[in-house]
Amino acid sequence: MITDARVLQPEFVPGDVKHRGAEVSHLSDTLRPITIGNRAETSFLYGPSGTGKTCIAQYTVEQLREQVVDIDSQYVNCWEDYTRFKTLYRILDSIGKTIDIHRQSTPRDELLERLREQVTSPYVVILDEVDQLEDPSLLYDLYRIRELTMILIANREEDVFGRLDERLNSRLSSCARIRFGQYEFSEIVTILEDRIQWGLRKDAITQAGIEQIADQAAGDARKAIGILRNAAKTAKYDGEDKITSTVITRAVPEAKSELQRKTVEKLTNHQQVLYEIIKEDDEIEPSVLYDRYCEQVADDKSKRMMRNYLSKLEHYNLIESEGKTKGRIYRLAAP
DNA sequence: GATCCACAGGAATCCTCGGGGT
DNA sequence: ACCCCGAGGATTCCTGTGGATC
């Protein structure tokens, strides 16, 4: 039933994008100076998740690469590479200038130096989830590299610009801000149809099934594709040759927990223990939580460290907390 | 209302790891 | 072989806050 599993993956960038013509042309207009060898103005793409920001950024840069031969680009997810060092390392990685930097003890900002030296032709850097960057001043340093063009991506404008200092704010005030709104129901339907065309056998799903998924996705294309992927997997596992309505109904919560499971797997042992303890109870207070945590691990860390772990879990939307000081409780994040 | 307590989260400091320079 | 350096984790110290108790 599945003919090409790649097109159902969340990171897949289609060769042709749907419903984002205006955004694509706005972005490629902004990037146009690159085609004549100049650096382009910074672009800022923002909007809710699953509205195509990452996809459109990668797609547009890819289009550009087809027009201009001598252009490098790199995608960085600042959620994963959130420190200054990691981000710089990732950026240098794509131009293969990190071969001899395997140590952590590279003198401070040697990476930046190297980037300055090496970037001599147009270079586009996509910084996804840029609001997660620990040290926003990195943006200023990147901005000052002549040939480097930045595409910034975040959910909300204020999460990014609220944290920048004056000088960077004023320099980025002229950047191209491109807003991404939620998809319409019918748009989600055509996006799904497109993926189905490339990834599934024609008769694998009915029109009603597609609409059922689109309805559940509520304007979020990533969610829609996640449901489709899970439904297809479930159907295949059950030996069915069609994605039925029941399968879709089952796939909806599965698609949600899939994301959560992947996040949990990325946590450290200690963080996972905390997560499991919180999972057991509806609500738990910090002191009880800490006691249980100490019981369950051999090398228990300090209370302060537990708080760091907890804020990380909260940051990942795995748990939530209520109450500011005394009487605070932790619980699993609402689904 | 003064005092105590539990807690959050920032800042300074310590510790460890891995690799370079000598 | 030795020391040194920087990053990042962990700990210690600290300040601020709000509920509980007298």
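A, B, ... follow the sequence lines: proteins, then strands. Residue 1 opens every chain.
Looking at residues two or more places apart in sequence or on another chain, you find a salt bridge (Lys or Arg N to Asp or Glu O under 4.0 Å) between Arg250(A) and Asp238(A). In this view, Tyr293(A) and His270(A) satisfy the side-chain hydrogen bond (donor to acceptor under 3.5 Å, both in side chains) rule, not counting sequence neighbours. Residues meeting the salt bridge (Lys or Arg N to Asp or Glu O under 4.0 Å) test with Arg195(A), sequence neighbours left out: none. Annotation: salt bridge (Lys or Arg N to Asp or Glu O under 4.0 Å) contacts of Asp215(A) (sequence neighbours excluded): none. In this view, Tyr275(A) satisfies the ring pair (Phe, Tyr, Trp, His ring centres under 6.0 Å) rule with no residue, not counting sequence neighbours. For Tyr46(A), the ring pair (Phe, Tyr, Trp, His ring centres under 6.0 Å) test picks out Phe44(A), with sequence neighbours left out.
Residues of residues 295-320 of chain A that place a heavy atom closer than 4.0 Å to DNA chain C, in numerical order, are Lys301(A), Ser302(A), Arg304(A), Met305(A), Tyr309(A). Against DNA chain C, the stretch residues 264-289 of chain A makes no heavy-atom approach under 4.0 Å.
How far CG of Leu192(A) is from CD1 of Ile227(A): 8.5 Å, rounded to the nearest 0.5 Å.
Taking atom CG of residue Leu88(A) and atom C1' of nucleotide dA7(C), one finds them 13 Å apart after rounding to whole Å. The separation between Tyr330(A) atom OH and dA6(B) atom P is 16 Å, rounded to whole Å. Regarding Asp291(A), its CG atom lies at a distance of 14 Å from the C1' atom of dC7(B), rounded to whole Å.
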Let me have a per-nucleotide readout for nucleotides 16-22 of chain C, 5' to 3', with B, S or -, counting only protein heavy atoms under 4.0 Å. -BB----

What side-chain donor-acceptor pairs closer than 3.5 Å can you find for residues 4-20 of chain A, not counting sequence neighbours?
{"from": "Asp4(A)", "atom 1": "OD1", "to": "Arg6(A)", "atom 2": "N", "distance (Å)": "3.1"}
{"from": "Asp4(A)", "atom 1": "OD1", "to": "Arg6(A)", "atom 2": "NE", "distance (Å)": "3.3"}
{"from": "Asp4(A)", "atom 1": "OD2", "to": "Arg6(A)", "atom 2": "NH2", "distance (Å)": "3.0"}
{"from": "His19(A)", "atom 1": "NE2", "to": "Glu187(A)", "atom 2": "O", "distance (Å)": "3.4"}
{"from": "His19(A)", "atom 1": "NE2", "to": "Thr190(A)", "atom 2": "OG1", "distance (Å)": "2.3"}
{"from": "Arg20(A)", "atom 1": "NE", "to": "Thr51(A)", "atom 2": "O", "distance (Å)": "3.1"}
{"from": "Arg20(A)", "atom 1": "NH2", "to": "Thr51(A)", "atom 2": "O", "distance (Å)": "3.2"}
{"from": "Arg20(A)", "atom 1": "NH2", "to": "Gly181(A)", "atom 2": "O", "distance (Å)": "2.6"}

Could you tabulate the donor-acceptor pairs under 3.5 Å formed by side-chain atoms of residues 204-214 of chain A, not counting sequence neighbours?
{"from": "Thr206(A)", "atom 1": "OG1", "to": "Gly209(A)", "atom 2": "N", "distance (Å)": "3.0"}
{"from": "Gln207(A)", "atom 1": "NE2", "to": "Glu193(A)", "atom 2": "OE2", "distance (Å)": "2.9"}
{"from": "Gln212(A)", "atom 1": "OE1", "to": "Ser245(A)", "atom 2": "OG", "distance (Å)": "3.3"}
{"from": "Gln212(A)", "atom 1": "NE2", "to": "Ser245(A)", "atom 2": "O", "distance (Å)": "3.4"}
{"from": "Gln212(A)", "atom 1": "NE2", "to": "Thr249(A)", "atom 2": "OG1", "distance (Å)": "3.4"}

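Screening residues 280-291 of chain A for side-chain hydrogen bond (donor to acceptor under 3.5 Å, both in side chains), with sequence neighbours left out, gives Asp281(A)-Arg292(A), Glu283(A)-Arg331(A).
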